[in-house]
There are 2 protein chains.
Amino acid sequence: MRFLLVEDNIELAEAIIARLSLDGHAVDHAKTLAAADEWLAVAEYDLMLLDVMLPDGDGRAFLRKTRTTERVPVIVLTARSQVSDRVDTLDLGADDYITKPFDFAELEARCRAVLRRRGTPTPALIPLGGALFDPSGGTLSHDGETKPLRNRELRLLEVFARNKGKILSKTQLLDRLFSQDAEVSENAIEVYVARLRKRLSAAGVEIETVRGVGYRMTWA
Amino acid sequence: MRFLLVEDNIELAEAIIARLSLDGHAVDHAKTLAAADEWLAVAEYDLMLLDVMLPDGDGRAFLRKTRTTERVPVIVLTARSQVSDRVDTLDLGADDYITKPFDFAELEARCRAVLRRRGTPTPALIPLGGALFDPSGGTLSHDGETKPLRNRELRLLEVFARNKGKILSKTQLLDRLFSQDAEVSENAIEVYVARLRKRLSAAGVEIETVRGVGYRMTWA
DNA sequence: AGCCCCGTGTCAGGCCCGTGTCAGCTTGGC
DNA sequence: GCCAAGCTGACACGGGCCTGACACGGGGCT
């Protein structure tokens, strides 16, 4: 999944990025609201993490504004001192909030929760041909065997599972799996598609390539 | 998608065209505002890339003018020195702007973003006679069978589907499928129409040829 | 620390499929 | 019947895609 982190504290930001990257997410980082605007203009995000105290303005106003044009889920990061009860934050359009300092595990959990709620309603287990895909557990079960997926394979499969039968271009897939400033070639996508195919073939799930356009996942 | 690039720097223009063509877009190139006017009168574009510094005038005035008559999404290309923040540019009616020199990947991303925001939301499924055409999936289903289409066939069918019952000349079709300077004979269109016909015949969809004029798609 | 191992992204080489052209044929208009 | 316009099977080319091998780096274990 692709995240936008809006946070001016460099240290905290880097820690968050490191942690979320471990989960295979792509994170872009904006230090100001202006920068956040730029990012939002260019890419599509699955989730935004927004600090409310920023050098160039109040995050709340920004939140209200973007809510009119974008439909990105938002988790607000607030300091404990800033009074902000749940109702207050949610009224502005946030999906959840978390008070600093927070535990990274908690942040991850809230991210997962919001994604589950706001994304295309995804059941915990997705039937894929003869197999069962568990996105939160990162496993694929088939014939009683449960095999773990690797990080990138997991994210890639999530994207495909969410877009049954749709053609996804390599560029789109790159956008979903990698952050903007990660200079990764499209060949990486080809490689990961190949690796995923090996795992899916037994289950009757296929990732067709549409030459010059992209890939499409289908199953019986 | 069909783009109009308004840019007097030949080298830059050619580089942009080369890059966007790789994404399967058709790009027409105008070196002056006058030329741009002519292109706009003749063809319909999905997106315009407009340099603001041109030999025969200021792009901003041009932008304001065209905005009254056209509804093409516009991305403005500016030199870094020319001050222009987002608000400024958006006030003129642009959908986005990018400062030169820019990264091609960024240009592509912005194009995609603008198209996503402004583009006509393609209906998920288009009924075509006894068949169902899924543009985003690139398939045609009929009698429970779902058959994939190839790149060019897909684009051609999209054009026909968007222009139900209209007669499309071979020149128009060439324009939609190929960029201007791609030297492709009209015979190519004949060939692709033939290939499409084979796939559509079972569904009762027909592409009539109107001798000396063009083609028209009809169905029961 | 040192070691190993696993996950990751790149690269080069080769395959093969989509693509556009051509030539010869058919069709339609006058 | 003649010519132009359109149809179509066959073909060659080029580049998009695949894949095995590799180098790199970070984590975890001893």
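Each chain gets a letter, A, B and so on, in the order its sequence line appears, and its residues count up from 1.
Across all strands, A:V191 comes closer than 4.0 Å to base atoms (heavy-atom distances). Using a 4.0 Å heavy-atom distance criterion, A:E183 is classed as a sugar-phosphate-only contact.
For the atom pair CG (A:L77) and CG (A:D51), the distance works out to 5.5 Å, reported to the nearest 0.5 Å.
Rounded to an integer number of Å, the gap from CD of A:E190 to C1' of C:dA12 is 13 Å. One interatomic measurement links the two molecules: CG of A:N187 to C1' of D:dC22, which rounds to 13 Å at whole-angstrom precision. Taking atom CG on A:L196 and atom P on C:dG7, their separation rounds to 14 Å, with Å as the unit. A:H25 places its NE2 atom 13 Å from the P atom of C:dT8, with the value rounded to the nearest Å. Between the P atom of C:dG18 and the CG atom of B:L154 lies a distance of 13 Å, rounded to the nearest Å. Distance B:F178 CZ to C:dT19 P: 9 Å, rounded to the nearest Å. Summarising the geometry, the separation between CD on A:E186 and P on C:dT10 is reported as 11 Å, rounded to the nearest angstrom. Note: CZ (A:R155) to C1' (C:dG9) measures 18 Å, nearest angstrom.
Defined by atom type and a distance below 3.5 Å, a donor-acceptor pair is missing between the side-chain atoms of A:T171 and B:E108. For B:S136 and B:D134, the side-chain atoms include at least one donor-acceptor pair closer than 3.5 Å.
Not one side-chain nitrogen or oxygen of A:R211 sits closer than 4.0 Å to the OP1 or OP2 atom of D:dG16. Distances shown here put a side-chain N or O of A:Y215 below 4.0 Å from the OP1 or OP2 atom of D:dC18. Between A:R150 and C:dC6 there is no side-chain N or O to OP1 or OP2 distance below 4.0 Å. Contact between the side-chain N/O atoms of A:S185 and the OP1/OP2 oxygens of C:dT10 is found at a separation under 4.0 Å. Within the structure, a side-chain polar atom (N or O) of B:N151 is placed less than 4.0 Å from OP1 or OP2 of C:dT19. OP1 or OP2 of D:dC17 lies within a sub-4.0 Å distance of a side-chain N or O belonging to A:K170. Between D:dG9 and B:K198, a contact under 4.0 Å exists linking OP1 or OP2 to a side-chain N or O.
Using the six-membered ring where Trp is involved, A:Y215 and A:F160 have ring planes that are perpendicular, over 60° apart on the 30 and 60° scheme.
Across C:dC22, C:dT10, D:dC7, the shortest atom-to-atom separation from the side chain of B:R197 is found for D:dC7. Nearest nucleotide to the A:R195 side chain, out of D:dA21, C:dG20, D:dC18: D:dA21.
Looking at A:R2, A:M1, A:R176 one by one, the single match for side chain to side chain contact (heavy atoms under 4.5 Å, CB included) with A:Y45 turns out to be A:R2.
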